[in-house]
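Let me begin by presenting the structure, written as structure tokens, before commenting on it.
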Number of protein chains: 2
Amino acid sequence: MTETARTPAPTPQVTPEHRELLDQVLDKWSLQILDVLCESPRRFNELRRAIPAVTQKSLTSALRRLERNGMVDRVIVSTRPVAVEYRIAALGTTLQDLIDALLSWSATNLAAVNDARERFDDQADSGGTPP
Amino acid sequence: MTETARTPAPTPQVTPEHRELLDQVLDKWSLQILDVLCESPRRFNELRRAIPAVTQKSLTSALRRLERNGMVDRVIVSTRPVAVEYRIAALGTTLQDLIDALLSWSATNLAAVNDARERFDDQADSGGTPP
DNA sequence: CGGGATCCTGCACGATACTG
DNA sequence: CAGTATCGTGCAGGATCCCG
């Protein structure tokens, strides 16, 4: 500790494990799944309806991964025609604020990003290779 | 507006566009790229060294996407043997806090997640289908 | 040094059908 | 209803070569 450890960096280093974890939590559907589950517990088909673009397979695999990572709990409610409820787990709630922040960030900056995209695409096919 | 619009939800709805944007910013490499670029501007091969696992192609495409989305600026420094510098753009800095939060979240919860994974995997092959 | 062009591969994701 | 099983596919991503 002779070195001045004054680096304010709260992120010492990003190991592959960290990346993997974030990948599994921030993947294509997990963010939305966690978002709606934060709102209230849902059943399988309720989730499908809440996220129309997701297919059954993707939803299943995403849910299982989230369950494996301790982000959601899979609760069998009844045993009659089978009823399963997915609810946010303790670990999942630690992500809630991040998710909200992420979603509101995207809402806030979507316009600016679209603007940047247009500028980029414009100058792309203009100053390119004139015959 | 006869309906009580008192939902405190800061995220009205997640449109596909929002998802797409987050996907492009939180994808496999962008998070790390933005993270190291937040620290200081880097050249192409400096980035490769900073993120050893990334290949040239992935880095190139990620950088171009980030550039297109206005997250990073691509600056030609010299013209001799060609020198290019990537630096975080204005839009990119709006993400900095989120990125830090995400990375520190993963650092904080990695152990708990690994624990949850073990439990999940254990009960998976134990209570399964005994012959 | 900073990439573009190509080829190849895996696997993420979708569509469809079937089960308890 | 809540999935599992199977098949098919696109495309992200790796490896390699090459160029200004």
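Naming: A, B, ... by sequence-line order, numbering from 1 per chain.
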Residue B:R43, side-chain heavy atoms: nucleotide from C:dG14, C:dC1, D:dA15 that is nearest: C:dC1

5' priority, DNA chain C, between A:Q56 and B:E46 [closest heavy atom]: B:E46

A:V36 backbone acceptor or donor facing A:E39 side chain under 3.5 Å: no

Distance below 4.0 Å between A:T55 side-chain N/O and C:dG14 OP1 or OP2: yes

Residue B:R74, side-chain heavy atoms: nucleotide from C:dG3, D:dG14, C:dA15 that is nearest: C:dG3

Sugar-phosphate, base or nothing in reach of B:R64, heavy atoms under 4.0 Å: sugar-phosphate

Expected rows: protein N/O vs nucleotides 8-12 of chain D N/O, under 3.5 Å:
none

Closest non-hydrogen atom pair between B:Q32 and A:V14, with its separation: CG-CG1, 4.1 Å

Spacing between A:L63 atom CG and D:dA2 atom P, to the nearest angstrom: 11 Å

Gap between atom CZ of B:R117 and atom CD of A:E67 - 0.5 Å precision: 13.5 Å

Spatial distance of atom CG (A:L31) from atom CZ (B:R19) [nearest 0.5 Å]: 9.5 Å

Spacing of A:E20 atom CD relative to C:dC11 atom P, expressed in whole Å: 14 Å

Electrostatic pair B:D115:B:R119 at N-O distance under 4.0 angstrom: yes

Closest nucleotide among D:dC1, D:dG14, C:dG3 to the B:Y86 side chain: C:dG3

Distance (rounded to the nearest 0.5 Å) between A:Q56 CD and A:L47 CG: 12.5 Å

Distances under 3.5 Å between nitrogen or oxygen atoms of protein and nucleotides 18-20 of chain C:
none

Proximity to the side chain of B:N45 - top-ranked nucleotide from D:dG3, D:dT16, C:dG2: C:dG2

Length of the line joining B:L59:CG and C:dG3:P, which is rounded to integer Å: 9 Å

Gap between atom CG of B:D23 and atom NZ of B:K28 - 0.5 Å precision: 14.5 Å

Hydrophobic cluster identity match, A:V82 and A:L59, side-chain contacts under 4.5 Å: yes

Whole angstrom value for the distance that separates C1' of C:dC1 from CZ of B:R48: 11 Å

Whole-Å gap separating P (D:dA2) and CD1 (A:I33): 15 Å

Touch class at under 4.0 angstrom, heavy-atom based, for A:R49 against every strand present: sugar-phosphate

Qualifying residue, where the test is side-chain contact (heavy atoms from CB on, under 4.5 Å) with B:W29 and the options are B:I51, B:L66, B:T55, B:L34: B:I51

Interatomic distance, B:T108 atom OG1 to A:H18 atom NE2 [nearest 0.5 angstrom]: 8.0 Å

Nearest-Å distance for atom pair CD/P, residues B:Q24 and D:dG13: 11 Å

Atom-to-atom span, CG of A:L47 to C1' of D:dC1 - whole angstrom: 13 Å

Whole-Å gap separating P (C:dG3) and CD (B:E67): 9 Å

